[in-house]
Amino acid sequence: MPDISFIHPDGRVEGFEAPAGISLMQAASGFGIAGIVAECGGSAMCATCHVYVDPAWVDKLPAPLSNELELLECTASERLGNSRLSCQIRLSDALQGLVVRLPERQ
Ligand code: FES
């Protein structure tokens, strides 16, 4: 059960334990994290689950697939090198301690 932390644009941090096997977006929605909209429900069609992965974790995540990379062109907040769609990040014990930042807008 990995510990996950979300850092809001105002610097506020919300952390929780999430079960392995679900997506980061599902975990965030389940814990009521404001800032993850997830309009498409995780189908990689909306880009409203955009997060910035903490630099220490970027290389520990599986690389994004082509559909995720394409959709990252459509984020409401600036796309950065560490931008990911949280619905495409599957939680595992290897992600214990994962830290992501929320964008200003989705
Ligand atoms: S929830 Fe729509 S792209 Fe992630």
Side-chain angles (χ1 to χ4, degrees):
M1 233 189 230
D3 273 319
I4 308 296
S5 294
F6 285 84
I7 303 174
H8 291 267
D10 64 2
R12 189 167 42 92
V13 179
E14 287 188 283
F16 52 85
E17 281 191 352
I22 65 172
S23 73
L24 180 58
M25 178 278 286
Q26 289 172 314
S29 296
F31 282 89
I33 299 292
I36 296 292
V37 178
E39 280 175 0
C40 77
S43 304
M45 295 178 69
C46 72
T48 61
C49 64
H50 178 204
V51 294
Y52 300 116
V53 176
D54 184 273
W57 286 94
V58 169
D59 292 337
K60 295 176 181 161
L61 297 176
L65 299 178
S66 59
N67 63 335
E68 181 179 354
L69 289 171
E70 280 175 29
L71 200 54
L72 282 168
E73 301 288 339
C74 307
T75 55
S77 290
E78 181 184 9
R79 177 188 183 178
L80 302 177
N82 59 344
S83 288
R84 293 294 302 263
L85 298 179
S86 59
C87 70
Q88 301 302 301
I89 297 174
R90 184 128 331 255
L91 296 177
S92 68
D93 290 339
L95 297 183
Q96 167 69 25
L98 176 66
V99 177
V100 299
R101 292 181 182 276
L102 293 160
E104 291 280 349
R105 293 179 293 125
Q106 291 284 9

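Every number for a ligand or one of its atoms is a count from 1 in the order of the listing. When reading the values below, keep in mind they use all heavy atoms of this one structure, side chains included, and skip hydrogens, waters and symmetry mates. Treat the numbers as computed from the prediction; the structure is a model and nothing was measured.
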Trainee: Please list, chain by chain and in numerical order, all residues satisfying salt bridge (charged side-chain N to carboxylate O under 4.0 Å, His left out) with E17, sequence neighbours excluded.
Mentor: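 Result, salt bridge (charged side-chain N to carboxylate O under 4.0 Å, His left out) vs E17: none returned.
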Trainee: I'd like to check L95 versus L24 (side-chain heavy atoms, cut-off strictly below 4.5 Å). Are they in contact?
Mentor: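 With C-beta onward as the side chain, the pair stays apart.
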Trainee: Does F16 have any ring-ring contact (aromatic ring centres under 6.0 Å, His included) partners at least two apart in sequence or in another chain, and if so, which?
Mentor: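 Listed in chain order: F6, F31.
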Trainee: Quick one: salt bridge (charged side-chain N to carboxylate O under 4.0 Å, His left out) partners of R79, sequence neighbours excluded?
Mentor: E73
Trainee: Assess whether side-chain hydrogen bond (donor to acceptor under 3.5 Å, both in side chains) is satisfied between H8 and E14, documenting all intermediate values.
Mentor: CA-CA 8 Å; H8 291 267; E14 287 188 283; 2.6 Å; yes
Trainee: Anything protein N, O or S sitting under 2.8 Å from atom 2 (Fe) of ligand 1: count it and give me the total.
Mentor: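 Step by step: take atom 2 (Fe) of ligand 1, keep protein N, O, S below 2.8 Å, and you get 2.
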Trainee: Might you confirm whether atom CG of D59 has over 12 heavy atoms from other residues, nucleotides or ligands at distances under 6.0 Å?
Mentor: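 No, because the 6.0 Å sphere around CG of D59 holds 12 heavy atoms or fewer from other groups.
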